[in-house]
Amino acid sequence: SGNSVYINIRRADGEIDSFSGTRNSNGTVTVPISEWALEIAGKVYASISIVNGDSRLTTLSFQIDVQKAETDDETPIDEDE
């Protein structure tokens, strides 16, 4: 109770941001992997922080490999395939 949960993300282009998550009643946390984090191909480095007042507990950094999609938003989808 009183804890805030965040996922901290650094994208392949060096941009950094944090997104709020949820502390669940069973002691686990749920954090979003936002579209912003996945919009650039390359390695995304992330960690999860639990903050309570002036105290912060942060996981080791982990990596997400983001690959370019085979298609993009501009490619029409053929409904017959």
Side-chain angles (χ1 to χ4, degrees):
S1 63
N3 294 333
S4 299
V5 177
Y6 301 95
I7 184 166
N8 313 297
I9 295 178
R10 180 170 43 109
R11 298 189 312 191
D13 65 356
E15 293 289 319
I16 298 171
D17 207 346
S18 293
F19 300 89
S20 294
T22 304
R23 181 176 175 259
N24 303 313
S25 61
N26 65 357
T28 62
V29 298
T30 303
V31 293
I33 305 295
S34 70
E35 188 175 316
W36 174 87
L38 304 176
E39 66 187 9
I40 296 175
K43 293 192 184 319
V44 169
Y45 294 93
S47 63
I48 297 172
S49 295
I50 301 173
V51 180
N52 187 345
D54 291 337
S55 300
R56 176 185 295 262
L57 176 65
T58 301
T59 66
L60 293 173
S61 180
F62 57 93
Q63 182 175 297
I64 303 167
D65 292 323
V66 179
Q67 298 179 352
K68 183 170 175 21
E70 297 299 320
T71 61
D72 57 34
D73 291 339
E74 304 300 318
T75 305
I77 297 174
D78 186 349
E79 304 270 338
D80 294 335
E81 290 184 16

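Please read these numbers as outputs of a predicted model, since none were measured by experiment. Heads up: numbering here begins at 1 and tracks the sequence.
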Yes or no on side-chain contact (heavy atoms from CB on, under 4.5 Å) for Val29 and Ile48, after CA distance, side-chain angles and deciding distance?
-> CA-CA 9 Å; Val29 298; Ile48 297 172; 4.3 Å; yes
Please report the C-alpha distance between Leu38 and Ile33 in whole Å, then the side-chain angles of each, then the deciding distance to 0.1 Å, and finally whether the side-chain contact (heavy atoms from CB on, under 4.5 Å) criterion is met.
-> CA-CA 8 Å; Leu38 304 176; Ile33 305 295; 3.8 Å; yes
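Of all the heavy atoms in Asn8 and Ser18, the pair that sits closest is OD1-OG, 3.0 Å. In plain terms, the two heavy atoms of Ile7 and Pro32 that are nearest each other are CG2-O, 3.5 Å.
For the pair Arg11/Lys43, no side-chain contact is recorded, criterion being any heavy-atom separation below 4.5 Å from C-beta on. Contact annotation: the side chain of Asn52 never approaches that of Ser4 to less than 4.5 Å [non-hydrogen atoms, C-beta and beyond]. For the pair Phe19/Val31, no side-chain contact is recorded, criterion being any heavy-atom separation below 4.5 Å from C-beta on.
Open room surrounds CG on Asp54; 12 or fewer heavy atoms of other groups in view lie less than 6.0 Å from it. The neighbour count for Gln67 CD, taken as heavy atoms of other residues, nucleotides or ligands under 6.0 Å away, does not exceed 12. In Gln63, the CD atom is crowded: over 12 heavy atoms of neighbouring residues, nucleotides or ligands sit closer than 6.0 Å.
Using a 4.5 Å cut-off between side-chain heavy atoms of Ile, Leu, Val, Met, Phe, Trp and Tyr, with links allowed through other members, Ile40 and Trp36 fall into different hydrophobic clusters. Phe62 and Val66 fall within the same hydrophobic cluster, defined by Ile, Leu, Val, Met, Phe, Trp and Tyr side-chain heavy atoms under 4.5 Å apart, directly or through other members. Criterion: ILVMFWY side-chain heavy atoms under 4.5 Å apart, direct or through other members. Under it, Ile64 and Ile9 are part of a common hydrophobic cluster.
In this structure, CD1 on Ile50 lies 6.5 Å from CG on Asn3, to the nearest 0.5 angstrom. Note that the CG atom of Leu60 and the OG atom of Ser47 stand 9.0 Å from one another [nearest 0.5 Å].
By the side chain to side chain donor-acceptor pair (under 3.5 Å) test, Thr58 pairs with Ser49, sequence neighbours left out. Judged as a side chain to side chain donor-acceptor pair (under 3.5 Å), and not counting sequence neighbours, the contacts of Asn24 are Thr28, Thr30.
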